[in-house]
Amino acid sequence: MLLTPLVLTLSFTSSFAQDTGHFLAPGTSMAGADGAQSHWLNPANLGFDPDDHAATFIRSYSSGDWTYAASNSSDSTSFGVIHHRLGNGDRWWSLGWAQGIEPDEKFHLGASGQFNWLTGEERGFIMDFGFSYRPTSWLGIAGVARNAVGH
C-alpha cells in the first residue's frame, strides 16, 4: 500500500503590492520542495536538501506573461535570478539569496532577500521568512511570510 504524503501549507502575501521577487511553480508544495527550487518557495527547506549542490532552471508562460528563473544551491545557501516579462511590456529582474538554518533535525527556519530592478529605474528590496516542520516522512507543515521586509 502506498502512502500519500499529507502536506499543510500556509502562505501570506501582501495583496496591495506587486510580488516581484518570487517565482511560484504551479503545483509545488512549500512543505515538500527542497533543493535549489526551494529558493523561490520556502528558504527553510534548503536545509532538508540531501544533495551538496543543486541547480534548477524554470520557465513559465501564462496569458502573455513570461518568467525565467534559475537558482543554484550548496548545502543550505542558495543564489538565484528571475526575469519577468509581462504581456503589457513591463519587465523586471530579481537577484536573490536564501539561507536555511537547522535548529532541529525536523524543524528548519529560513530567510531570503531579493533585489528587484523594475521597468524604468525603480529598485526595491524585499525579504521573506519561512519555517518547515517534517515530523515524519509523510507529514510536512510549512509557512512563509512573503514581503515581510521591504517594498
Side-chain angles (χ1 to χ4, degrees), residues 1-62 65-86 92-118 123-151:
M1 183 171 150
L2 179 65
L3 293 177
T4 304
L6 172 65
V7 178
L8 303 174
T9 303
L10 301 172
S11 178
F12 303 98
T13 303
S14 170
S15 61
F16 300 107
Q18 190 173 26
D19 191 11
T20 58
H22 303 99
F23 176 76
L24 301 177
T28 305
S29 163
M30 279 190 277
D34 55 19
Q37 189 176 16
S38 64
H39 176 100
W40 311 114
L41 298 168
N42 186 350
N45 290 341
L46 287 167
F48 286 116
D49 186 16
D51 298 328
D52 290 336
H53 183 77
T56 187
F57 176 78
I58 305 166
R59 186 185 80 180
S60 174
Y61 174 79
S62 174
D65 300 341
W66 288 86
T67 300
Y68 299 93
S71 59
N72 188 10
S73 68
S74 179
D75 294 325
S76 58
T77 303
S78 178
F79 295 94
V81 63
I82 298 177
H83 180 248
H84 297 281
R85 187 176 67 198
L86 303 180
W92 67 87
W93 288 87
S94 297
L95 182 62
W97 140 92
Q99 179 69 48
I101 60 172
E102 183 181 339
D104 182 83
E105 183 178 295
K106 297 178 181 182
F107 180 74
H108 292 205
L109 298 171
S112 67
Q114 292 90 26
F115 294 97
N116 301 304
W117 290 270
L118 305 162
R123 293 184 176 90
F125 176 76
I126 57 173
M127 284 194 75
D128 302 337
F129 301 97
F131 76 91
S132 192
Y133 178 58
R134 296 180 182 176
T136 67
S137 62
W138 54 270
L139 176 64
I141 301 169
V144 177
R146 299 219 183 275
N147 302 333
V149 175
H151 179 64

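For the single chain, residues carry numbers from 1 onward in sequence order.
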* Candidate pair I126 and V149, rule side-chain contact (heavy atoms from CB on, under 4.5 Å), full reasoning -> CA-CA 5 Å; I126 57 173; V149 175; over 6 Å; no
* No-hydrogen, no-angle side-chain donor-acceptor test under 3.5 Å, S132 and H108 -> no
* Kindly compute the distance separating OG (S71) from CG (L41), expressed to the nearest 0.5 Å. => 9.5 Å
* Asked: Can you tell if the side chain of N116 reaches within under 4.5 Å of the side chain of H84, non-hydrogen atoms only?
  -> no
* Would you indicate whether the side-chain heavy atoms of I82 and T67 approach each other to under 4.5 Å? => yes
* To do: Give the minimum heavy-atom separation between A111 and M127, together with the two atoms involved.
  => CB-CE, 4.3 Å
* Should L109 and F131 count as side-chain neighbours, where that means a heavy-atom distance under 4.5 Å? -> yes
* Asked: About how many Å separate CD1 of I141 and OH of Y133, when rounded to the nearest 0.5 Å?
  -> 7.0 Å
* Asked: Does the S76 side chain pair with the main chain of G100, one donor and one acceptor, at a distance under 3.5 Å?
  -> yes
* Asked: Can you tell me how far the CD atom of Q114 sits from the CG atom of D128, to the nearest 0.5 Å?
  -> 5.0 Å
* Taking side-chain contact (heavy atoms from CB on, under 4.5 Å) as the test, write out the residues that go with F115, two or more places apart. => W117, F125
* About how many Å separate CZ of F129 and CG of N42, when rounded to the nearest 0.5 Å? -> 12.5 Å
* Asked: Can you tell me how far CD of Q99 sits from OG1 of T77, rounded to the nearest 0.5 angstrom?
  -> 3.5 Å
* Asked: Where do G110 and P43 come nearest, in terms of heavy atoms and distance?
  -> C-CG, 3.8 Å
* Asked: Angle class for the W93/H83 ring planes (parallel below 30°, perpendicular above 60°, tilted otherwise)?
  -> tilted
